[in-house]
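Read through the structure below, which is laid out as C-alpha cells, and then see the notes.
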Amino acid sequence: MEKFVINGGKPLVGEVTVSGAKNAAVAILPATILAADKCIIENLPEISDVDVSLEILGDLGAKVRMLGHNTYEIDTTHVNCTAVPDDLSRQMRASYYFLGALLGRFGEGQVAMPGGCNLGPRPIDQHLKAFTALGAEDVVECGQVRVHGCGLKGTHVFFDTVSVGATMNAMLSAVLAEGQTVLENVAKEPHIVDLANFLNMMGADVRGAGTDVIKIRGRKALHGCTYSIIPDQIEAGSYMVAAAITGGNVLVKNVIPKHLEPITAKLELAGVVVEEYDDAVRVYRAGDLLATKIKTMPHPGFPTDMQPLMTVLLSVAKGTSIVTEGIWENRFRYVDELIRMGANIQVDGRVAVIEGVPELQPAPLRASDLRAGAALVAAALSAKGTSEIEEISHIERGYERMVEKLQGLGADIKRVKKPASAMPEAL
Ligand code: EPZ
C-alpha cells in the first residue's frame, strides 16, 4: 500500500503534457473486438483502468502487444470467449463496454452487473434499453448481466436520460446490426466523438456524434486500423486547477482547447487567466480567486468529473460560492476531508455552499474516488506544510504518472510505501 506525501505551498511552474483520455480509452479498447483484425492504438494512457481493459482483452483471446510507449497492437481475430472474468470486470465499472462490443460481434456477452458506487446509484437500464431495442435479451442473475441475441436489427432509441455509457454501448452494439439505428437524446462528450471516429476508421458508418442524434448504418464487417486517442480533458483541467490554486504559471500541453471551454469559462469567472494556443493552454492567476456558481451538467455543460477540483479551488476564493452537482447523487464525500483542512463548506444534498477561507491547512487525507483524490492532491499542493494522501490506487486508475508530472512542475510530492504497522486503521 502506498500513499502520497506532499509538502505544499509552492507555486507550480513549467510545462506539463496531458495523456490520452481515460474515458475514451476504456471504450475504444473493447471496440477493437468489433474489427476481428489488428488495431494499433496510440496515445493510450498508462493507467490502471487501461491495464485492466488490456487484461480483459487478453483473457477473451485477443493478442495484445506493446509497440512502444503508450502504443499497443491488439489483434482480436481469435477472440473466442464472450464472458468477461468476474474478478476483472469488478475492478472497473467501464467493463460494461465489453457487453456492447461482444454483443455486436458475437450476439452475446457477459460482465459483472455493476452495483452502486461512491458517487451514488449507477444503473445501466439505458444500456439495456438500447440492446433490447436492437433485438437482444438480457438476463441478470448471480451478480452477472448477460445479453444475447443473434441478427440484431437497426432501431430507434430515445434515451430517458443523457448517459455517456449508454450512448457508447449503443454505438458498439449497433455498428454491425442490419439496417439503420437512430439514437436520440445522446451524450455529446468529446470521448463520444472519439469513439465514433475510431469506429468509422474501422469502416463503420456513424454520423452525428457530438450532437443530440447519432445515426448508424450497420455494416457487415469492420476492419483494423491505427488510431490515436484524444487528450484527456479532465486530466488537463486538473493541472489547470493545480496551477491556479498554487498561484503558479503552467503551460498545459497536448490539449484540444475547444474541449476545455466549459472548464476554462468557469476558471476565468473565478479570476484565473487561461491563454489558449493551438494545442496548449497557459494558466495563471491575475489576482485573488473569486467566488462563483457552478452546476455540473452533461457536455457542453461543466463536467461533473471536474466538480471536486473546482470545489477545492473555490474553497480559497473570496466570497461565497455555490456548487450544484447535476449528475451524481453523492459526489461530495471528499468535502469532509477539505473541512479537516480548514475549508468552510456546507453540503445539503446535491448543493455545496462554500465560504472561501484565506488558505487550507495540511492534514492526513484519504481519497474516496478518482477525482476526489485528484482534488485532494490540488488541495495539499496549496496547503503550506506536509499532507499525506492514502488510497492513491483510486487516483492511479485515471492519472498517468501524476507524481512525476507534478515533480516536473516543481511540486514536492513523493509516493511512499505505508509501513505495515500503520496499515490497519479504525474507520
Ligand atoms: C461516465 O460514467 C464517466 N465514466 C464518469 O467519469 C462521468 O462522471 C460520467 O460519465 C458523467 O460524465 C466513464 O466514461 C468510464 P452516465 P457513466 O451514464 O457513463 C444515470 C471518472 O471520474 N444513468 O453518463 O457511468 C446515472 O445514474 C468517471 O472518470 C441512468 O439512470 O455515466 C447518472 O446520474 C466517474 N441509467 C447519469 O445517468 C443508465 O443506464 C449519467 O451517467 C445510465 C446512467
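Heavy-atom basis, side chains included; hydrogens, waters and symmetry copies ignored. Atoms within a ligand are numbered from 1 in the order they appear, just like the ligands themselves. In this chain, residues are counted from 1 in sequence order.
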**Item:** ligand 1 to Gly165 polar contact by distance, N or O atoms, under 3.5 Å
**Value:** yes

**Message:** Evaluate Ile327 for polar contact with ligand 1, using N/O atom pairs at a separation under 3.5 Å.
**Reply:** yes

**Message:** Any non-hydrogen side-chain atom of Leu152 less than 4.5 Å from a side-chain atom of Phe131?
**Reply:** no

Please could you name the atoms of ligand 1 that [X] approaches to less than 4.0 Å, counting only its heavy atoms?
{"X": "Leu119", "result": "35 (C)"}
{"X": "Pro121", "result": "27 (O)"}
{"X": "Arg331", "result": "8 (O), 22 (O), 35 (C)"}
{"X": "His127", "result": "40 (O)"}
{"X": "Lys22", "result": "21 (C), 29 (O)"}
{"X": "Gln126", "result": "36 (N), 39 (C), 40 (O)"}
{"X": "Trp328", "result": "8 (O), 9 (C), 25 (O), 26 (C), 27 (O), 32 (O), 33 (C), 42 (O)"}
{"X": "Arg371", "result": "21 (C), 22 (O), 29 (O)"}

Side-chain donor or acceptor of [X] paired with backbone N/O of [Y] under 3.5 Å:
{"X": "Gln307", "Y": "Arg331", "result": "yes"}
{"X": "Lys266", "Y": "Lys293", "result": "yes"}
{"X": "Arg350", "Y": "Glu325", "result": "yes"}
{"X": "Gln180", "Y": "Gly154", "result": "no"}
{"X": "Gln126", "Y": "Phe159", "result": "no"}
{"X": "Thr167", "Y": "Ala187", "result": "yes"}

**Asked** Which bit of Met168 gets closer than 4.0 Å to ligand 1, counting heavy atoms only: side chain, backbone, both or neither?
**Response** neither

**Request:** Answer with side chain, backbone, both or neither: which part of Ala166 has a heavy atom less than 4.0 angstrom from an atom of ligand 1?
**Result:** neither

Does the residue [X] have a heavy-atom contact with ligand 1, meaning some pair of atoms that are separated by less than 4.0 Å?
{"X": "Met297", "value": "no"}
{"X": "Asp369", "value": "no"}
{"X": "Tyr96", "value": "yes"}

**Message:** Exactly one of Lys405, His394, Arg371 should register a side chain to side chain donor-acceptor pair (under 3.5 Å) with Tyr399. Which one does?
**Reply:** Arg371

**Prompt:** Going by an N to O cut-off under 4.0 Å, is there a salt bridge joining Arg397 and Asp49?
**Reply:** yes

**Request:** Answer yes or no: is there an ion pair linking Lys3 with Glu390, defined by an N-O contact shorter than 4.0 Å?
**Result:** no

**Asp160 atom CG, over 12 foreign heavy atoms within 6.0 Å** = yes

**Request:** Show the numbers, then the answer: is there a salt bridge (charged side-chain N to carboxylate O under 4.0 Å, His left out) between Asp279 and Lys253?
**Result:** CA-CA 6 Å; Asp279 59 358; Lys253 299 197 306 188; over 6 Å; no

Would you mind checking which non-hydrogen protein atom is closest to [atom], with the distance to 0.1 Å?
{"atom": "atom 36 (N) of ligand 1", "value": "Asp125 OD1, 2.8 Å"}
{"atom": "atom 18 (O) of ligand 1", "value": "Ser163 OG, 2.6 Å"}
{"atom": "atom 2 (O) of ligand 1", "value": "Arg122 NH2, 3.7 Å"}
{"atom": "atom 3 (C) of ligand 1", "value": "Asn23 ND2, 3.6 Å"}

Quick test of your reading of the structure: of [options], whose heavy atom lies closest to [atom]?
{"atom": "atom 16 (P) of ligand 1", "options": "Asp160, Val164, Thr161", "answer": "Val164"}
{"atom": "atom 39 (C) of ligand 1", "options": "Pro123, Gly373, Gly301", "answer": "Pro123"}
{"atom": "atom 5 (C) of ligand 1", "options": "Thr304, Leu370, Asp305, Asp49", "answer": "Asp305"}

**Request:** Apply side-chain hydrogen bond (donor to acceptor under 3.5 Å, both in side chains) to the pair Tyr334 and Thr311, showing each step before the final yes or no.
**Result:** CA-CA 10 Å; Tyr334 62 92; Thr311 299; 3.1 Å; yes

